[in-house]
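Contents: one structure, followed by commentary.
Positions are given from 1, in the same order as the sequence printed here.
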Amino acid sequence: MVVVRWLLLLLVPVSILMVPVPSGLTPLAWKIFAVYIAAILGLILRPAGEAVVMLSVIAFGSFIVPVGQLLSGYGNGTVWLVFTAFLITQAFADTGLGRRVAYWMIGRFGKSSLGLVYGQMLTDLILSPATPSNTARSGGIVYPIFRNVASTLNSEPEDNPRRIGSYITISGYAISLSTSAVFLTACAPNILTVGFARDILKVDISWMDWFIGLAFPALLACLVVPYLIYKVYPPELKEISNHKELAAQGLREIGPMTGKEKLLVIFFVLAILGWATSSFTKLDGTAVALLFFACCAIFKLIDWKNVLANNGAWNTLIWYGAIMGISGILSKAKFFVWLAKVVGEHMNFVGVNQALVMGILLVISILVRYVFASMGAYVGAFIPVLFTLGLVAQVPPLPLVFLLGASSAYGCLLTHYGGAVGPVLFGTGYVPQKTWWKIGAVLVAFNFVLYMTVGLGYWKVLGLW
């Protein structure tokens, strides 16, 4: 099966190269497109890990496109912003601050199962600005703590899963994909989406622009989702009388707050301020992230050995850098301009309501998620197409970016494999696949209605369309 995937990865771009160059495109642009398709197919088919696939694409692509151009993405600041933020996540694990926040939330909100999950949501939300890997944040920091609470309350996958463990698990997945839309740095593909928006729609979206644009609908989703799941998939245990004791025990095991944790809080707050005020301080977001990491490293809040062992960070650096580089040179070759022109010649949007067009694009963006096993692969493969269609339809760019940016995250809810955090939580065995998909469909439908009503209305008030 792996051999077949590699053969497809080779044959498809070769077939493209054998086709005559379409009118309006340069031979170089067509060659770059063939390499780009190979990269996207690699992310979808996954004959090997993302980094191996991307390096292989670059290696073979260098025979038809100058290798310096293929490697240009590694000089892209947004790639290093993602990489650095991955490493910052390590500081929350190394210092124990992530666990401390979670236990504090349990003591504060854990009187009921619903309150406990809201505490889970707030923990995830607080950590999200500095953790672009929602797998690391939700699956590696937040969920394990609340999973332990379920065990303490005698709810195991094979014994009383519906007592509270199932509710915590499916909520953890939905929460992760809700908080991922609030901040630009809360999910790595958000930054890739912004890069495509700059290349195709010609709009620059800063960290603060993203937050202002998505904070209201995304935070509303964060508030509603735990309650919605509580109603459609309620836990058997409603009240938790000993929640304060559970939190106190966990905090006793961690011990008093250390100097390193206090320093991390200071650096974290300063980083948030740096990102949030970049529109008028002119501080580059990547520079803020690098400074944050440098401070953590200098004050030994991060062990360099753990940095070297952070496979997720290095893997992301390799494949994000590759896809950003190939996408960038494809944009410079005017490929997306040509594609928009071709689509425009075959699709008539004259007289079609702008909101209707955005709704149609949003529906398409959701339905295709069943065939994508990675949020990053979906964004890399499909967001440029949707942006191009939006460009042809002349819909307002910012609402389109926010609509599709949010759906990149919540669209993963349709399956248990749509985002990397899904297999982590689903793999515990608390929730059957059929139930997982049913609840996911309900949540996606809710998000669709939310963003098409509240979202579009909010952006109308902001004057974005």
Side-chain angles (χ1 to χ4, degrees), residues 1-19 30-65 67 69-71 73-74 79 82 133-135 139 187-189 192-193 196 311-330 335 339 364-386 408 411-427 433 436-437 440:
M1 190 63 180
V2 173
V3 174
V4 173
R5 293 176 183 177
W6 278 116
L7 283 175
L8 284 173
L9 196 56
L10 176 64
L11 292 176
V12 171
V14 168
S15 300
I16 292 173
L17 291 174
M18 293 176 67
V19 174
W30 191 239
K31 291 177 181 178
I32 297 170
F33 173 66
V35 176
Y36 183 73
I37 290 299
I40 297 305
L41 272 178
L43 294 178
I44 296 173
L45 298 176
R46 289 180 55 84
E50 292 94 337
V52 173
V53 169
M54 287 299 114
L55 289 177
S56 299
V57 169
I58 289 175
F60 287 101
S62 63
F63 288 100
I64 55 177
V65 179
V67 68
Q69 294 185 32
L70 295 174
L71 294 173
Y74 298 107
V79 173
V82 173
S133 169
N134 61 335
T135 306
C187 189
L192 190 57
T193 297
F196 286 135
N311 295 327
W314 295 103
N315 182 63
T316 301
L317 175 65
I318 297 297
W319 83 264
Y320 254 53
I323 198 67
M324 288 292 282
I326 300 171
S327 172
I329 60 176
L330 194 60
F335 178 84
L339 181 60
I364 294 172
S365 77
I366 292 170
L367 293 180
V368 300
R369 301 307 294 276
Y370 286 104
V371 300
F372 286 98
S374 163
M375 192 193 310
Y378 159 75
V379 170
F382 217 71
I383 286 294
V385 175
L386 295 173
S408 298
C412 296
L413 290 166
L414 287 177
T415 68
H416 60 288
Y417 56 78
V421 70
V424 176
L425 274 61
F426 176 78
Q433 179 178 317
W436 191 285
W437 283 40

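For the pair Leu425 and Trp436, the minimum side-chain heavy-atom distance is below 4.5 Å. Using a 4.5 Å heavy-atom threshold, the side chains of Phe60 and Leu10 count as separate.
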inquiry  = Let's go through Tyr74 and Ile318 carefully: what are the C-alpha distance in whole Å and the side-chain angles of both, what is the deciding distance for side-chain contact (heavy atoms from CB on, under 4.5 Å) to 0.1 Å, and is it a yes or a no?
reply    = CA-CA 8 Å; Tyr74 298 107; Ile318 297 297; 3.9 Å; yes

key: Derivation of the side-chain contact (heavy atoms from CB on, under 4.5 Å) call for Val65 and Tyr36   = CA-CA 11 Å; Val65 179; Tyr36 183 73; over 6 Å; no

task = Take Asn315 and Asn311 through the test side-chain contact (heavy atoms from CB on, under 4.5 Å) and record every step on the way to the result.
result = CA-CA 6 Å; Asn315 182 63; Asn311 295 327; 5.7 Å; no

key: Evaluation steps, side-chain contact (heavy atoms from CB on, under 4.5 Å), between Ile329 and Val35   = CA-CA 11 Å; Ile329 60 176; Val35 176; over 6 Å; no

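The heavy-atom pair separating Pro189 from Met375 by the smallest distance is CG-SD, 3.7 Å. The shortest non-hydrogen separation linking Ile323 to Met54 is N-SD, 4.4 Å. Ile383 and Phe196 get closest at one heavy-atom pair: CG2-CD1, 4.0 Å. For Gly42 against Val53, the heavy-atom pair with the smallest separation is CA-CG1, 3.4 Å. Across all their heavy atoms, Arg369 and Gly411 have their closest contact at NH1-CA, 3.7 Å. Nearest approach of Ser365 to Tyr378, heavy atoms of both residues: CB-OH, 3.1 Å.
Expressed to the nearest 0.5 Å, how far CD1 of Ile32 lies from CD1 of Ile326 amounts to 9.5 Å. To the nearest 0.5 angstrom, Leu9 atom CG is 8.0 Å from Ser56 atom OG. Taken to the nearest 0.5 Å, the CG atom of Leu45 stands 11.0 Å off from the CG atom of Leu7. Separating the CD1 atom in Ile37 from the CG atom in Leu17 is a distance of 11.0 Å, to the nearest 0.5 Å. In this structure, CD1 on Ile16 lies 5.0 Å from CZ on Phe33, to the nearest 0.5 angstrom. We find the CG-CG distance between Leu70 and Leu55 to be 11.5 Å, quoted to the nearest 0.5 Å.
The aromatic rings of Tyr370 and Trp437 lie tilted to each other, with the angle between the two planes from 30° to 60°.
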